[in-house]
Amino acid sequence: MTFSLPGAAVTSLPHFLWTWACNNRWANHRLLQACGQLGQDAFTARRTGFFPSIAATLNHIVTVDWYYVDAMERSLRGQPPNEAWRAYFDPEQPFSTCPALAAAQQAVDERLIALCRSLDEASVTSTVNVPREGRLCPERMHRLLAHLFEHQIHHRGQVHAMLAGTSVAPPQLDEFFCESDAEVRKGDFGVLGWSEEMVWKEGTVPGTDAVKDR
């Protein structure tokens with residue numbers, strides 16, 4: 001199936017999922033830039049949300065990313081599921097400061113971009129065996145990726161709401177890569193080393209490689 005847009009093309013489902021991985025990296029960049037302006041007390045302060053603080057919510061995002069990205073990487077390499085997967089959640093909050101957390105989130109975001117970039121028409125619908133307590137849960141790759149993107153969006157929204165109760169203005173996150181907004185995100189893309197053409201035409205982003213052994 002081919003999707004086309006004036007001036008750009010999304011040629012396949014793997015490419016479309018890759019643009020979502022890029023958008024995830026960009027959204028986390030925006031959010032963590034804002035959170036990085038908080039003092040440590042504000043970062044860890046108790047707030048209303050599914051998790052009790054900005055720090056706790058951001059830690060949850062990164063640990064769940066570790067868990068799912070590892071499962072998908074292993075599947076693409078033909079390796080068995082990770083029997084030590086519980087270690088991703090022990091401790092529940094591995095990062096106490098925003099700079100350390102932001103570095104970890106960037107690293108796993110880039111792994112996700114590389115993973116999506118490596119997909120083809122066969123692997124995008126391949127089965128990933130996700131380890132859970134006492135069982136394996138088989139999921140199709142494209143559906144598991146959609147689940148992970150939704151999870152990230154859900155919890156970023158909670159951090160966004162918590163930021164509204166601080167002295168730091170929450171950044172705009174409710175957008176994808178609309179053509180008409182290209183100028184608005186130009187600064188962020190410059191920091192990331194990206195261009196519109198890279199995302200929509202070439203399908204390559206600096207700093208990412210195909211899935212490697214980890």
Examine [X] and [Y] and state if one hydrophobic cluster contains both, with Ile, Leu, Val, Met, Phe, Trp and Tyr joined whenever side-chain heavy atoms are less than 4.5 Å apart.
{"X": "F51", "Y": "L148", "result": "no"}
{"X": "W20", "Y": "L145", "result": "yes"}
{"X": "V191", "Y": "I113", "result": "no"}
{"X": "L31", "Y": "F50", "result": "no"}

- Has R132 got more than 12 heavy atoms of other residues, nucleotides or ligands less than 6.0 Å from its CZ?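 Counting neighbours around CZ of R132, more than 12 heavy atoms of other residues, nucleotides or ligands fall under 6.0 Å, so yes.
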- Neighbour count above 12 (heavy atom, 6.0 Å) for R86 CZ: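 Above 12, so yes.
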Quick one: are [X] and [Y] in side-chain contact, heavy atoms under 4.5 Å?
{"X": "Q106", "Y": "H29", "value": "no"}
{"X": "E73", "Y": "L115", "value": "yes"}
{"X": "V108", "Y": "R111", "value": "yes"}
{"X": "V124", "Y": "F16", "value": "no"}
{"X": "R30", "Y": "Q172", "value": "yes"}
{"X": "Y67", "Y": "P131", "value": "yes"}

- Query: N23 and F149: side-chain contact (heavy atoms from CB on, under 4.5 Å), yes or no, with the steps?
  - Reply: CA-CA 10 Å; N23 186 267; F149 294 142; over 6 Å; no
Which heavy atom in [X] sits nearest to a heavy atom in [Y], and how many Å separate them?
{"X": "P81", "Y": "N129", "answer": "CG-O, 3.7 Å"}
{"X": "E196", "Y": "F189", "answer": "OE2-CE2, 3.3 Å"}
{"X": "R47", "Y": "G165", "answer": "NH1-O, 3.9 Å"}
{"X": "L58", "Y": "C35", "answer": "CD1-SG, 4.0 Å"}
{"X": "A34", "Y": "L163", "answer": "CB-CD1, 4.0 Å"}
{"X": "L76", "Y": "S123", "answer": "CD2-CB, 3.8 Å"}

- Item | N59 side chain to A55 backbone, donor-acceptor under 3.5 Å |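 A pair under 3.5 Å: yes.
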- Task: Spell out, as yes or no, whether a donor-acceptor pair under 3.5 Å connects the side chain of R25 to the backbone of E110.
- Result: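 Side chain of R25 to backbone of E110: no pair is present.
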Working to the nearest 0.5 Å, report the span between [atom1] of [X] and [atom2] of [Y].
{"X": "H142", "Y": "L13", "atom1": "NE2", "atom2": "CG", "result": "6.5 Å"}
{"X": "W85", "Y": "D90", "atom1": "CH2", "atom2": "CG", "result": "11.5 Å"}
{"X": "L32", "Y": "I61", "atom1": "CG", "atom2": "CD1", "result": "8.0 Å"}
{"X": "Q93", "Y": "L101", "atom1": "CD", "atom2": "CG", "result": "9.5 Å"}
{"X": "M72", "Y": "R77", "atom1": "CE", "atom2": "CZ", "result": "12.0 Å"}
{"X": "C98", "Y": "Q105", "atom1": "SG", "atom2": "CD", "result": "10.5 Å"}

Side chains of [X] and [Y], donor plus acceptor under 3.5 Å:
{"X": "H147", "Y": "Y68", "value": "yes"}
{"X": "E150", "Y": "H154", "value": "no"}
{"X": "R140", "Y": "S126", "value": "no"}

- Anything under 30° is parallel, anything over 60° is perpendicular, the rest tilted; go ahead and classify W18 against H15.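 Plane angle between 30° and 60°, so tilted.
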- Any idea how F177 and W200 line up, ring-wise: parallel (<30°), tilted (30 to 60°), or perpendicular (>60°)?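 Plane angle over 60°, so perpendicular.
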- Could you go through the side-chain contact (heavy atoms from CB on, under 4.5 Å) check for R156 and N28 one step at a time? CA-CA 8 Å; R156 276 197 299 267; N28 282 331; 3.1 Å; yes
- When the aromatic ring centroids of F95 and F43 are compared, is their separation below 6.0 Å?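 No, they do not, as the ring centres are separated by 6.0 Å or more.
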- Task: Quick one: do L38 and T166 satisfy side-chain contact (heavy atoms from CB on, under 4.5 Å)? Show the steps, please.
- Result: CA-CA 8 Å; L38 297 170; T166 74; 3.7 Å; yes
- Message: Just to verify, which of D70, V62, V69 counts as forming a side chain to side chain contact (heavy atoms under 4.5 Å, CB included) with W66?
- Response: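 Per the side chain to side chain contact (heavy atoms under 4.5 Å, CB included) rule, the option paired with W66 is V62, out of D70, V62, V69.
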- Message: Show, in sequence, the C-alpha distance, side-chain angles and deciding distance for I153 and L173, and conclude whether the side-chain contact (heavy atoms from CB on, under 4.5 Å) test is met.
- Response: CA-CA 9 Å; I153 291 167; L173 296 178; over 6 Å; no
